[in-house]
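Written below as structure tokens is the structure these notes are about.
In what follows, every heavy atom counts, from backbone to side chain, and hydrogens, waters and symmetry copies are set aside.
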2 protein chains.
Amino acid sequence: MGHLPFQRLQVELTNLIASLPTESRLPSEPVLARELGVSRSTLREAMRSFETQGLIRRKQGVGTFVIGEVPVIDSGMEVLESIETSAGRIGLSVSTDSLKVERLSADAEWAGVLDVPIGNALTRVSRVILTDERPVAYLVDTLPESILSQEDLITGFTGSVLDLLLRRGSPRLVSSRTEIKAVNATAEVAHMLEIQRGDVLLNFTASLYSTAGRVIDHSFSYFLPGYFSFHVNRRVG
Amino acid sequence: MGHLPFQRLQVELTNLIASLPTESRLPSEPVLARELGVSRSTLREAMRSFETQGLIRRKQGVGTFVIGEVPVIDSGMEVLESIETSAGRIGLSVSTDSLKVERLSADAEWAGVLDVPIGNALTRVSRVILTDERPVAYLVDTLPESILSQEDLITGFTGSVLDLLLRRGSPRLVSSRTEIKAVNATAEVAHMLEIQRGDVLLNFTASLYSTAGRVIDHSFSYFLPGYFSFHVNRRVG
DNA sequence: CAGTGGTCTAGACCACACG
DNA sequence: GTGTGGTCTAGACCACTGA
């Protein structure tokens, strides 16, 4: 009956995961593969989507664990707000990890994106968002140093560049143009989010504008599906 | 220095694909794997993202081909419009394939979603969108038969349920609530889109509302990344 | 150290297109 | 039939965790 190992596997894994209590550990991959009558490769492939859905968590050197209810961070796309704000609305506290602030020089491409001369100093802030120890988003903000310098980040920086700019009040922000894509995790992003290379991610590429129509900030955001719910109300043409 | 076969592979494949003319065929997988000094599994894994980006096209039993410039269908999320309309704006003609119309009975879940009694007759329209022979989107619309019957679809149905409802003018439509996700292709969807199971897709789940606030239609849409560009302007809270 | 998940290999067999 | 991409296997080795 082994005609469709994969689809059968998905069903059996679904049942197995549902039958186990939260936080419990699955059998190791070699053992589980033997029990289910498939090779380890096939088992791992089937497990992929379960992790991006937030149903299990794999930790290298430790094991694979069942996750219970995932607190889904809900956010409407009409309004731009930080993940901290979205999470706060559902009473979820998130933390920032792997915060990195870099100073770099604008090459031709970045000069074009941010509308500054080539060679201008830029500030780049990258960070990982955690909910309950789980990395769920990776964010990279790039903006002119004249707008945000490393010194600005010393005091009272919680992690969100957007929240910092809003709190400071200048320059005044009005809107962001956001492009929505689905991507495979690159090796770098996979490492930051503790997932596997090639796993599916939701990606936003956004430019933030001031009232003067200037580009204030450019950001790449990568979200683990299963932990977020983005929605939008579209009017009929 | 084969310490990072995969990352090196990505670079070499990028160069190889860029160096070949449009429509040309790549060497077969066993040959190419040997030439690049990796196993076939690794080669195929690395090729995955190239296909979802629209850079190559794999055809079972035929070969793997280089795609040139992909016409990207650009669409703003503020306004709901059919893919035909979005494609038309950039002068691209798309066609419908694998059109299937089903009649089914509302179970408890669908009754709740569409706000009809359990057991009510429903119409389901599923189809694949092609651009230049390439399946790029898979759409499934489900709605009460009282709103759209199979007879309504006999004459002048181009494929888009939305366009048909708009042309008919009743019921009057106002908006849609759309949820945005990134997913792995299921076996079924992968087959319809001629991609591999597990490949990354952008997914919209939407409910369409009438002026009376009734749910008129529920749809699942799956898009191949690389062929679409969805964007939204977000205002600052 | 032993045991876990992460990566990669070599090869088998299947499904499909085309001559 | 021949050759292609699609699936699956068995096993090796690495990277990491924790006792």
Between A:Asp199 (CG) and C:dT7 (C1'), how many Å, whole number? 14 Å

To the nearest Å, how far apart are A:Glu194 CD and D:dA15 P? 18 Å

For atom CD of B:Gln10 and atom P of C:dC8, their distance in whole Å: 10 Å

In whole Å, I'd like the distance from the CZ atom of A:Arg44 to the P atom of D:dC14. 17 Å

Using a heavy-atom cut-off of under 4.0 Å over every strand shown, decide if B:Glu45 touches base, sugar-phosphate, or nothing. nothing

Distance (rounded to the nearest 0.5 Å) between A:Phe65 CZ and A:Arg25 CZ: 6.0 Å

Euclidean distance, atom CD of residue A:Gln196 to atom C1' of D:dA15 [Å, nearest integer]: 14 Å

Side-chain N,O (A:Arg197) to OP1/OP2 (C:dC8) below 4.0 Å: yes

Tell me if the side-chain of B:Arg40 makes a donor-acceptor pair with the base of D:dG6, cut-off 3.5 Å, by modelled atom types. yes

Please state how far atom CZ in B:Arg58 lies from atom P in C:dC16, giving the value in whole angstrom units. 17 Å

Just the rounded figure in Å: distance from P of D:dT7 to CD of B:Gln60. 8 Å

Classify A:Arg25 by what it touches in the nucleic acid, base, sugar-phosphate, or nothing, heavy-atom distance under 4.0 Å. sugar-phosphate

From C-beta outward on B:Ser41, which listed nucleotide comes closest to its side chain: C:dG5, C:dG11, C:dC16? C:dG11

Could you pull out the closest heavy-atom pair between A:Tyr138 and A:Val128, with the gap in Å? CD1-CG2, 3.8 Å

When rounded to whole Å, the CD to P distance for the pair A:Glu29 and D:dC8 reads 17 Å

When all nucleic acid strands are considered with a 4.0 Å heavy-atom cut-off, which category describes A:Gly198: base, sugar-phosphate, or nothing? nothing

